[in-house]
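Each ligand, and each atom within it, is numbered from 1 in the order the structure gives. Because the structure is predicted, anything quoted here is derived from the model rather than measured.
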Amino acid sequence: MTRIPFIAGNWKMFKTGPEAIEFINALKPLVKDARGREVALGAPATALQAAAEAARGSSILIGAQNIYFEKEGAYTGEISGAMVQATGASFVILGHSERRQFFGDTNEWVARKLAAALDAKLIPVVCLGESLAEREKGDAFKVLSAQLQGSLASLTPARAGTLILAYEPVWAIGTGKTATKEQAQEVHVFLRAETAKLLGEDIAQKTRILYGGSVKPDNAAALLNEPDIDGALVGGAALKPDSFAQIVNF
Ligand code: PEP
């Protein structure tokens, strides 16, 4: 089964609309020869429209970093899947560990947001990852299994065709500590097997599982050459066009 690598930047709370345009205009020529991979950028809500317009005509996909699960209503400060879709964006990151840690996103909420993303025809990128304490206790696989099951609870095989998972060990995000390629590959194999139990072998083989956690130009190729690592979710190294392009062109 060939799975096209999906290389996504996550800008977090960085970049205004004009900064997003500047970045994309600089990135385009650097990734124009990248074949056989998808290039994506997760932008802040305020920069989505500008980023989507700047990316138009290129193969760069733009996405949001979160949505709320209701379609509309009195939910001050929130944005819906349809609002994201209307900007020209095509994917959404869900359940990032920073959302889980600072904004109370639970597996149940991620599952509801996943259903809302699919209703709005957005590609969902569902993030999972264990903490350092959980890994050191030997609980990583148990935690990941529970997160996967809970976060995908709203999903049926018929709706799972565009699902993307991202394994992001919390201890590797923004810390400079990367999982080794062997550690990441082992978890990806596990997550694929767990996905097969939930959604069937066919969906599991098609689902791209990204690795995230201090991916940099100098470690990207080693990770991305592992058979079950189908792309990367990149934070810090996606803030500069040069370093992000080096990862895209791994
Ligand atoms: C992330 O934000 O998802 C991430 C993996 O960040 P970093 O690459 O900076 O560790």
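- Among protein heavy atoms, the minimum distance from atom 9 (O) of ligand 1 is reached at Gly236 N, 2.8 Å.
- Trp109 has its ring centre less than 6.0 Å from the ring centre of Tyr68.
- Near Ala172, meaning under 4.0 Å from one of its heavy atoms, ligand 1 places the atoms 10 (O).
- Heavy-atom proximity to atom 5 (C) of ligand 1, evaluated over Glu98, Lys177, Gln65, Glu168, is greatest for Glu168.
- Considering backbone and side-chain atoms together, Lys12 places an N or O closer than 3.5 Å to an N or O of ligand 1.
- Interface atoms of ligand 1 facing Ser214, defined by a heavy-atom separation under 4.0 Å, are 7 (P), 8 (O), 10 (O).
- For ligand 1, the atoms lying closer than 4.0 Å to a non-hydrogen atom of Gly213 are 5 (C), 10 (O).
- In this structure, the protein non-hydrogen atom closest to atom 8 (O) of ligand 1 is Gly235 N, 2.8 Å.
- Close N/O approach between Asn10 and ligand 1 is found [any backbone or side-chain N/O within under 3.5 Å].
- Annotation for ligand 1: atoms under 4.0 Å from non-hydrogen atoms of Gly174 are 7 (P), 9 (O), 10 (O).
- On a distance-only criterion, Gly212 and ligand 1 share no N/O pair closer than 3.5 Å.
- Geometrically, ligand 1 and Ile173 share no nitrogen or oxygen pair separated by less than 3.5 Å.
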